[in-house]
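Quick one: the structure is below, questions incoming.
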Amino acid sequence: MFEKVNKVTQEVEAFVIQNKEALEQFRISYTGRKGQIADLFDDIKNIAPDQRKAYGQEVNRLKELAQAKFNQMQEQLEASSNGQEKLNIDFTLPPVPSTLGTRHPLTVVREEIIRIFERIGFNLSEGPEIEDDWHNFTALNFPENHPARDMQDTFFVEGNMLLRTHTSSVQVRVMENQKPPIRTLSPGRVFRNEAISARAHCVFHQVEGLFIDENVSFADLKQTLYYFVQEMFGPETKIRFRPSFFPFTEPSAEIDISCLICKGTGCNICKHSGWVEIGGSGMIDPEVLRNCGIDPEKYSGFAFGMGIERITMLKYQIKDLRLFTENDMRFLRQFQSL
Ligand code: 2U9
């Protein structure tokens with residue numbers, strides 16, 4: 001009988017457990033309820049009474065040995081089961097192509113504009129898309145009968161609430177809540193009641209800048225925008241200012257850059273003028289400063305505004321504004337990935 005115990009002990013010690021199937025086989029053969037160790041315990045009734053104690057101790061030792069081996073191998077196999085699955089991968093197979101998204105071209109350009117102005121100390125400001133008449137029009141010197149206040153140009157929501165037609169309303173809020181010096185950039189979505197075409201949309205994006213301090217002059221405006229144009233469109237790009245009119249700036253100027261396509265020699269894009277318009281600018285009207293609680297005797301400032309769609313179309317030679325909202329993957333895939 002003791003020989004049988006020795007034989008099973010040797011078998012248990014020699015049993016190689018490499019995988020879950022072998023572990024199960026080990027359990028069935030040795031540690032399980034109907035395994036060989038259970039049989040050995042049953043055999044105790046056939047042992048001479050004076051040897052039963054020694055026999056019992058031997059079989060118990062074997063039982064502990066087998067159970068310890070089972071537990072250890074079970075733990076090891078569980079710990080390495082993930083690794084085991086990974087090892088089954090065929091590394092010679094071609095990789096599965098990753099489906100990385102791309103950033104929308106308007107996002108790419110908006111972030112580039114922000115980075116350029118951040119480098120010269122501009123911070124970012126945000127405000128509501130649904131505005132009141134004061135922040136969108138009155139504070140900015142729009143006369144009572146100005147055409148922009150007409151239903152045909154502005155989406156009215158209820159009473160004197162409307163969808164902002166420019167992000168200047170954000171800057172009015174900044175001026176009302178902060179003291180100069182102010183250097184802020186407000187990118188955002190704006191709304192105008194216009195028919196959708198290749199050149200116009202009722203929802204588009206603007207970025208406006210505001211710079212207010214003591215002794216700010218038109219020279220500061222020109223130098224700031226010159227820096228922006230060089231950074232955004234390249235060092236070869238020229239800039240020019242054309243006199244204009246806006247209710248909220250005086251004097252006012254339209255901003256043109258030399259045509260990126262023909263470099264100023266004349267082509268279809270610039271209608272053979274050599275110049276393309278990128279936005280507007282001017283010195284903040286003293287009346288607007290006063291409306292927003294800033295003393296125009298002490299402070300002066302400049303402001304500018306640009307359409308992000310327009311800048312993007314010029315930079316990437318996009319001919320139709322509608323491409324920005326159609327979400328055609330063939331168009332979107334051409335832009336920078338995340
Ligand atoms: C405050 C005072 C003045 C912002 C300015 C423009 C000129 C301008 C247009 C460009 C193309 C809008 O997207 S567009 O249609 N913007 O021409 N914007 S000056 O002037 C401000 C802003 C805020 C308090």
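Atoms within a ligand are numbered from 1 in the order they appear, just like the ligands themselves. What's counted below: heavy atoms across the whole structure, side chains too, no hydrogens, waters or symmetry copies.
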Please report which non-hydrogen protein atom sits nearest to atom 2 (C) of ligand 1, along with the residue it belongs to and the distance in Å to one decimal place. Leu140 CD2, 3.9 Å
Got a donor-acceptor contact below 3.5 angstrom from the Gln171 side chain to the Glu208 backbone? yes
Would you call Arg310 and Glu277 a salt bridge, taking side-chain N to carboxylate O under 4.0 Å as the test? no
Do the non-hydrogen side-chain atoms of Ile116 and Tyr227 ever get within less than 4.5 Å of each other? yes
Logged contact type for Phe204 with ligand 1, heavy-atom cut-off 4.0 Å, is side chain
What do you reckon, does Arg173 put a non-hydrogen atom under 4.0 Å from ligand 1? no
What are the atoms of ligand 1, with element, lying closer than 4.0 Å to any heavy atom of Ser168? 22 (C), 23 (C)
Can you name the atoms of ligand 1, numbered from 1 with element, that are less than 4.0 Å from a heavy atom of Met175? 24 (C)
Taking the minimum heavy-atom distance to atom 23 (C) of ligand 1, which of Arg310, Glu277, Gln171 ranks first? Gln171
Residues passing the ring pair (Phe, Tyr, Trp, His ring centres under 6.0 Å) test with Phe218, sequence neighbours excluded, are none
Considering distance alone, does some N or O of Gln206 sit under 3.5 Å from an N or O of ligand 1? yes
Protein heavy atom at shortest distance from atom 15 (O) of ligand 1: Arg192 NH1, 3.7 Å
of all protein heavy atoms, closest to atom 11 (C) of ligand 1 is Gly307 N, 4.0 Å
Applying the side-chain hydrogen bond (donor to acceptor under 3.5 Å, both in side chains) test to Asp133, which of Asn160, Thr154, Thr138 qualifies? Thr138
Of the side chain and backbone of Val190, name the one, both, or neither that has a heavy atom under 4.0 Å from an atom of ligand 1. neither
What pairs with Arg33 under salt bridge (Lys or Arg N to Asp or Glu O under 4.0 Å), at least two apart in sequence or on another chain? none
Ring centres under 6.0 angstrom apart (Phe211, Phe302): yes
List the closest protein heavy-atom neighbour of atom 19 (S) of ligand 1: residue, atom name, distance to the nearest 0.1 Å. Phe248 CE1, 3.6 Å
At under 4.0 Å between heavy atoms, is it the side chain or the backbone of Ser281 that contacts ligand 1, or both, or neither? backbone
Under 4.0 Å, heavy atoms only, figure out whether ligand 1 is touched by the backbone of His135, its side chain, both or neither. neither
Return yes when Glu208 approaches ligand 1 closer than 4.0 angstrom through a heavy atom, no otherwise. yes
Show your working on side-chain contact (heavy atoms from CB on, under 4.5 Å) between Phe324 and Met313 and close with a plain yes or no. CA-CA 10 Å; Phe324 291 126; Met313 288 170 94; 3.7 Å; yes
